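Beneath this line is the structure, given in structure tokens, with notes to follow.
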There are 2 protein chains.
Amino acid sequence: MCDEAKRDPAERLRQMTARLKERGHRLTPQRLAILRILAESRGHPSVEDIHKALLKDFPTTSLATVYKTITRLKDENEVLELEFSDLANRYDGNTPTPHPHAICTRCGAICDPDTPPLEELAKLVADRTGFRITSHRLDFYGLCPKCQEQDG
Amino acid sequence: MCDEAKRDPAERLRQMTARLKERGHRLTPQRLAILRILAESRGHPSVEDIHKALLKDFPTTSLATVYKTITRLKDENEVLELEFSDLANRYDGNTPTPHPHAICTRCGAICDPDTPPLEELAKLVADRTGFRITSHRLDFYGLCPKCQEQDG
DNA sequence: GCGTTATGGATAATGATTATCCTGAAAGAA
DNA sequence: TTCTTTCAGGATAATCATTATCCATAACGC
Ligand SMILES: [Mn+2]
Ligand SMILES: [Mn+2]
Ligand SMILES: [Zn+2]
Ligand SMILES: [Zn+2]
């Protein structure tokens, strides 16, 4: 259903740990576990999702620790945040650069469709508005295949 | 700086009032005032913005009334909501169908750049993901012209 | 190992949005 | 106009994801 190509969780984990280390962040067991969860997950987990998965290996981990680590990763541009005002934010640790998403409005599934890049359009908008554009967000909302089935 | 063409606040106000009326909503003075503010504003106001403007004519209006009216307008597809998790949502009452936005990450300015439509891309994503796509959102983030000046 | 200091855990605070409750106004009928 | 019904407004409490705070402790360079 969604783009699963070019995924290499182990390599991505190495990348993230190396970058955090070289920028002076400490590599605690909790932090490593969170990085692993992010590298291995493909569903754009929420902080709560990450926390739940984390409790299996580290039963005493605080939710605050997950929030703090996510903030860290955002600052280092190692995770992409998808903001929502009415439900929990979601995170992509595999591809931290902006890219389009297909989002199910019923079950909350989020996936990464393979699409042509938006750089040209961004340039066009920059020219017409005078903005110095540094980032973007493109979401497509609708029903995922599973939720369509349930409708009959 | 942004697209100001084809704006006709008076006509848009007529549209909105007519549609609310024919769908059985009562046209109270407060509601009409909120519709007027939305039709005339071009900066994508927040609920608080609308409320502040409203207080000039209706000094006793509750913030809850603005929230309720916005919810109503969303249900009737007469306003487009731009969600943010870390700051107040913003609203476009002029063009309630999805369209791209340029958003200043420093001062919060939001404007409507004139861009080619995304229907083709939406269709492409629908084909590749199996989603039944009903809506979308495209934001470009960066610094608006004014905020660029302040940097020197 | 030691000392320094960032980090984890627990919990309180924040703030936009929503829910609740009751009074009063809008709209339609007579 | 008056009456009646139901919807909407005002005030305020509740919600809930996210941040802030505080202190004990673990990480890492030496
Ligand atoms: Mn993604
Ligand atoms: Mn707009
Ligand atoms: Zn779904
Ligand atoms: Zn600006």
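Residue numbers start from 1 in every chain, and the chains themselves are labelled A, B, ... in the order their sequence lines are given, proteins ahead of strands. Excluded from the calculations below are hydrogen atoms, water molecules and symmetry mates; all remaining heavy atoms, backbone and side chain alike, are included. Quick caveat: nothing in here was measured; it's all calculated off a predicted structure.
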Report task. Look at the rings of B:His44 and B:His99 and say which category their plane angle falls in: under 30° parallel, 30 to 60° tilted, over 60° perpendicular. Result ->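 Correct class here is tilted.
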For the side chain of [X], counting heavy atoms from C-beta on, which of [options] is nearest?
{"X": "B:Thr71", "options": "D:dT19, D:dA11, C:dT18", "value": "C:dT18"}
{"X": "A:Arg72", "options": "C:dC21, D:dT21, C:dT7", "value": "C:dT7"}
{"X": "B:Thr28", "options": "C:dG9, C:dA26, C:dT7", "value": "C:dA26"}

Please report the distance, rounded to the nearest Å, between [atom1] in [X] and [atom2] in [N].
{"X": "A:Lys68", "N": "D:dT19", "atom1": "NZ", "atom2": "P", "value": "12 Å"}
{"X": "B:Gln30", "N": "D:dA8", "atom1": "CD", "atom2": "C1'", "value": "8 Å"}
{"X": "A:Arg26", "N": "D:dT25", "atom1": "CZ", "atom2": "P", "value": "15 Å"}
{"X": "A:Leu87", "N": "C:dT17", "atom1": "CG", "atom2": "P", "value": "14 Å"}
{"X": "A:Leu55", "N": "C:dA10", "atom1": "CG", "atom2": "P", "value": "10 Å"}
{"X": "A:Lys21", "N": "C:dA6", "atom1": "NZ", "atom2": "C1'", "value": "16 Å"}
{"X": "A:Leu35", "N": "C:dG8", "atom1": "CG", "atom2": "P", "value": "11 Å"}
{"X": "A:Ile50", "N": "D:dT18", "atom1": "CD1", "atom2": "C1'", "value": "14 Å"}

Query raised in the report: Taking for each residue the nucleotide of DNA chain C with the nearest heavy atom, is it A:Thr65 or B:Ala88 whose nucleotide lies nearer the 5' end?
Result: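 The residue closer to the strand's 5' end, by nearest nucleotide, is A:Thr65.
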Query raised in the report: When the nearest nucleotide of DNA chain C is assigned to A:His25 and to A:Leu63 on a heavy-atom basis, which residue is associated with the more 5' position?
Result: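 Taking each residue's closest nucleotide, the earlier one in sequence belongs to A:His25.
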Query raised in the report: Would you say a side-chain N or O of A:Asn89 is under 4.0 Å from OP1 or OP2 of D:dT18?
Result: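 The answer is yes; a side-chain N or O of A:Asn89 sits under 4.0 Å from OP1 or OP2.
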Query raised in the report: Reckon A:Tyr67 has a side-chain N or O less than 4.0 Å from the OP1 or OP2 of D:dT19?
Result: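 No, no such contact exists.
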Report task. Mind checking B:Ser85 for me? I need base, sugar-phosphate or nothing, with any heavy atom below 4.0 Å counting as a touch. Result ->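 No contact.
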Requested in this report: Mind checking A:Thr60 for me? I need base, sugar-phosphate or nothing, with any heavy atom below 4.0 Å counting as a touch.
Outcome: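 Counting heavy atoms under 4.0 Å across all strands, the contact made by A:Thr60 is with sugar-phosphate only.
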Query - Side-chain (B:His51) to main-chain (B:Thr61) donor-acceptor, under 3.5 angstrom - result: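 Pair found, side chain donor or acceptor close to backbone of B:Thr61.
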Query raised in the report: Tell me, do A:Asn89 and A:Val47 make a side-chain contact under 4.5 Å, heavy atoms counted?
Result: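 In short, these two side chains do not touch, never coming nearer than 4.5 Å.
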Report task. Give the minimum heavy-atom separation between B:Leu20 and B:Leu35, together with the two atoms involved. Result ->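 Closest approach of B:Leu20 to B:Leu35, heavy atoms only: CD1-CD1, 3.9 Å.
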Query raised in the report: So which of B:Leu118, B:Val125, B:Asp139 actually passes side chain to side chain contact (heavy atoms under 4.5 Å, CB included) with A:Leu138?
Result: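 The passing option is B:Leu118.
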